[in-house]
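Only a predicted model underlies this, so the values are computations on that prediction, with no experimental measurement involved.
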Amino acid sequence: MSSNAQKIDGEINEGISPSIKEKAPLILAEIKKAKSILLHCHPSPDPDSVGSALAMKFALEQMGKKATVIKGDSEFPREFMHFPGAKDIVQKNFLEIDQSQFDLFLILDSAMIYMVSRRGDVKFLPTLKTIAIDHHESNGNFAELNLVVPSCPANCQLLFDIFKIWNITLTPEIAANLFIGMYTDTGAFKYRGVDKHTYEVVYELVKYIPDVSSLITDMENSSTPGFMAFEGAALSSIEIFFDGKFAFSSVPLSWMQEKNIRPTEVRTSEVSSFMLTVRDWDFVAAAVEIEPNVIKFSFRSKNIEKFDVAKLTSSLGGGGHRAAAGLILRTSLADAKKIVVEKAKELYKL
Ligand SMILES: [Mn+2]
């Protein structure tokens with residue numbers, strides 16, 4: 001039995017990418033020097049963002065470090081409140097904190113500096129050392145030290161590998177946070193980038209999670225009648241472009257106001273993921289007007305060689321992954337649609 005365990009352990013080490021092995025010790029050295037460490041949730045946080053921040057907080061505390069997680073720009077989603085450690089999150093965004101209280105900022109799951117805050121200019125005090133740990137291909141290497149592994153399908157998977165190198169002891173708190181981030185960022189372990197190593201990590205994590213089913217359903221069974229109505233409106237608005245290669249849904253603010261549905265209630269990523277299940281649609285967009293002339297987009301692609309949606313969003317000021325990306329445009333819904341369709345035509349030679 002013990003020789004078996006050794007074997008599994010060995011294979012997990014093989015799955016860790018060389019850049020993680022190279023930089024994890026450098027990051028650890030900075031952590032050892034630090035007295036007070038800051039962590040944040042990115043704007044419109046997803047479970048990979050929140051799970052990363054909370055798992056890291058527990059890992060840092062295990063090393064005897066003081067760590068603080070701030071909620072960041074957005075209201076903290078109610079359906080994430082059962083993540084271990086969520087109750088201790090400080091209800092402030094980056095611009096509201098006193099940077100001099102911290103000497104190290106570990107910036108997780110955030111490709112660009114605006115993922116620290118979109119509320120204003122993010123400038124770091126010289127006394128605040130910045131280290132980014134991220135898995136977005138579009139990462140702008142804006143921190144002083146950057147560990148970016150785009151082949152990792154979830155930032156939480158990347159953290160598992162780092163924790164292994166750091167000799168962190170897995171606990172139920174760390175495991176639950178890493179698991180839920182991996183589960184969601186991989187679309188329940190099915191998106192591209194998921195491989196043998198992903199399942200090896202999951203196998204290690206679930207050993208520490210007594211009720212994995214409840215952990216998932218407590219988060220997933222959190223939809224609202226408003227979101228259902230929104231989804232219906234989005235799906236009935238679908239327009240098709242480029243001979244059926246691209247499907248586009250959009251919901252104007254006037255509709256939201258009429259139905260009294262708050263923008264925080266709607267998840268365009270769920271709409272775009274659902275749209276992508278149509279076999280013939282190569283890439284899709286779900287758009288919603290969240291404020292007058294502020295359009296939020298979620299893009300998905302199942303043909304990333306031809307239709308890399310991160311390329312499309314980055315060229316318009318957004319970011320993300322080749323298969324899943326986001327964008328905000330400050331213009332009317334009609335113009336935003338035109339801009340996206342024209343840009344897709346140009347970039348993808350349609
Ligand atoms: Mn992520």
Contact check, side chains of Pro45 and Pro77, non-hydrogen atoms, under 4.5 Å: yes

Pair Asn293, Ser332: side-chain N/O donor-acceptor within cut-off below 3.5 Å: no

Exam field: side chain Ser117 to backbone Asp73, donor-acceptor pair closer than 3.5 Å: no

Shared hydrophobic cluster for Val201 and Trp166 (ILVMFWY, side-chain gaps under 4.5 Å): yes

Could you pull out all donor-acceptor pairs under 3.5 Å where a side-chain atom in residues 92-102 meets a protein atom, sequence neighbours excluded?
unit_1	atom_1	unit_2	atom_2	d
Asn93	OD1	Leu95	N	2.8
Asn93	OD1	Glu96	N	3.1
Glu96	OE1	Asn93	N	2.8
Asp98	OD1	Ser100	N	3.1
Asp98	OD1	Ser100	OG	2.7
Asp98	OD2	Ser100	OG	3.3
Asp98	OD2	Gln101	NE2	3.3
Gln99	OE1	Leu125	N	2.7
Gln99	NE2	Lys123	O	2.8

Any donor-acceptor N/O pair, Lys23 side chain to Asn146 backbone, under 3.5 Å: yes

Ring center gap for Phe283 and Phe299 short of 6.0 angstrom: no

Expected list for residues 127-140: side-chain donor-acceptor pairs under 3.5 angstrom, two or more places apart:
unit_1	atom_1	unit_2	atom_2	d
Thr130	OG1	Glu144	N	3.0
Thr130	OG1	Glu144	OE2	3.4
Asp134	OD1	His136	N	3.4
Asp134	OD1	His136	ND1	2.6
Asp134	OD2	His136	N	3.3
Asp134	OD2	His136	ND1	3.2
Asp134	OD2	Asn139	ND2	2.8
His135	ND1	Cys152	O	2.9
His135	NE2	Asp48	OD2	3.3
His135	NE2	Asp109	OD1	3.1
His135	NE2	Asp185	OD2	3.2
His136	NE2	His321	NE2	3.2
Glu137	OE1	Arg322	NE	3.3
Ser138	OG	Gly320	N	3.3
Ser138	OG	Gly320	O	3.1
Asn139	OD1	Asn141	N	2.6
Asn139	ND2	Ser110	O	3.4

Ser44 to Lys296 - nearest heavy-atom pair and separation: OG-NZ, 4.0 Å

Intermediate values then yes/no, side-chain contact (heavy atoms from CB on, under 4.5 Å), Tyr348 and Val309: CA-CA 10 Å; Tyr348 304 148; Val309 287; 4.1 Å; yes

Test: Glu61 and Lys57 ion pair at under 4.0 Å: yes

Donor-acceptor contact below 3.5 Å, side chain Asp195 vs main chain Thr198: yes

Result block: side-chain N/O donor-acceptor pairs under 3.5 angstrom for residues 245-261, not counting sequence neighbours:
none

Donor-acceptor pair, side chain of Gln62 and main chain of Thr169, under 3.5 angstrom: yes

OH/Tyr191: more than 12 non-hydrogen atoms of other groups inside 6.0 Å: yes

Flag, side chain of Lys345 to backbone of Val340, donor-acceptor distance under 3.5 Å: no

Whether Phe142 and Phe124 hold their rings parallel, tilted or perpendicular, with breakpoints at 30° and 60°: parallel

Residues Glu79, Arg267: salt bridge by 4.0 Å N-O rule: yes

Under 3.5 Å donor-acceptor, Ser272 side chain and Ser269 backbone: yes

Side-chain donor/acceptor of His40 to backbone N/O of Met115, under 3.5 Å: yes

Donor-acceptor pair, side chain of Lys302 and main chain of Trp281, under 3.5 angstrom: yes

Aromatic plane relationship, Phe80 with Phe76 - under 30° parallel, 30 to 60° tilted, over 60° perpendicular: perpendicular

Nearest non-hydrogen partners of Leu39 and Ala53, listed with the distance: CD1-O, 3.5 Å

Rounded distance [0.5 Å steps], OH in Tyr208 versus CG in Leu170: 5.0 Å

Ile180 with Leu205, same ILVMFWY side-chain cluster at under 4.5 Å: yes

Nearest heavy-atom neighbours spanning Ala325 and Arg300: N-NH1, 4.1 Å

Donor-acceptor under 3.5 Å (Thr224 side chain, Phe227 main chain): yes

Nearest atoms (heavy-atom pairs only) where Asp103 meets Ala34: OD1-CB, 3.6 Å

Backbone of Met219 reached by a side-chain donor or acceptor of Ser222 within 3.5 Å: yes

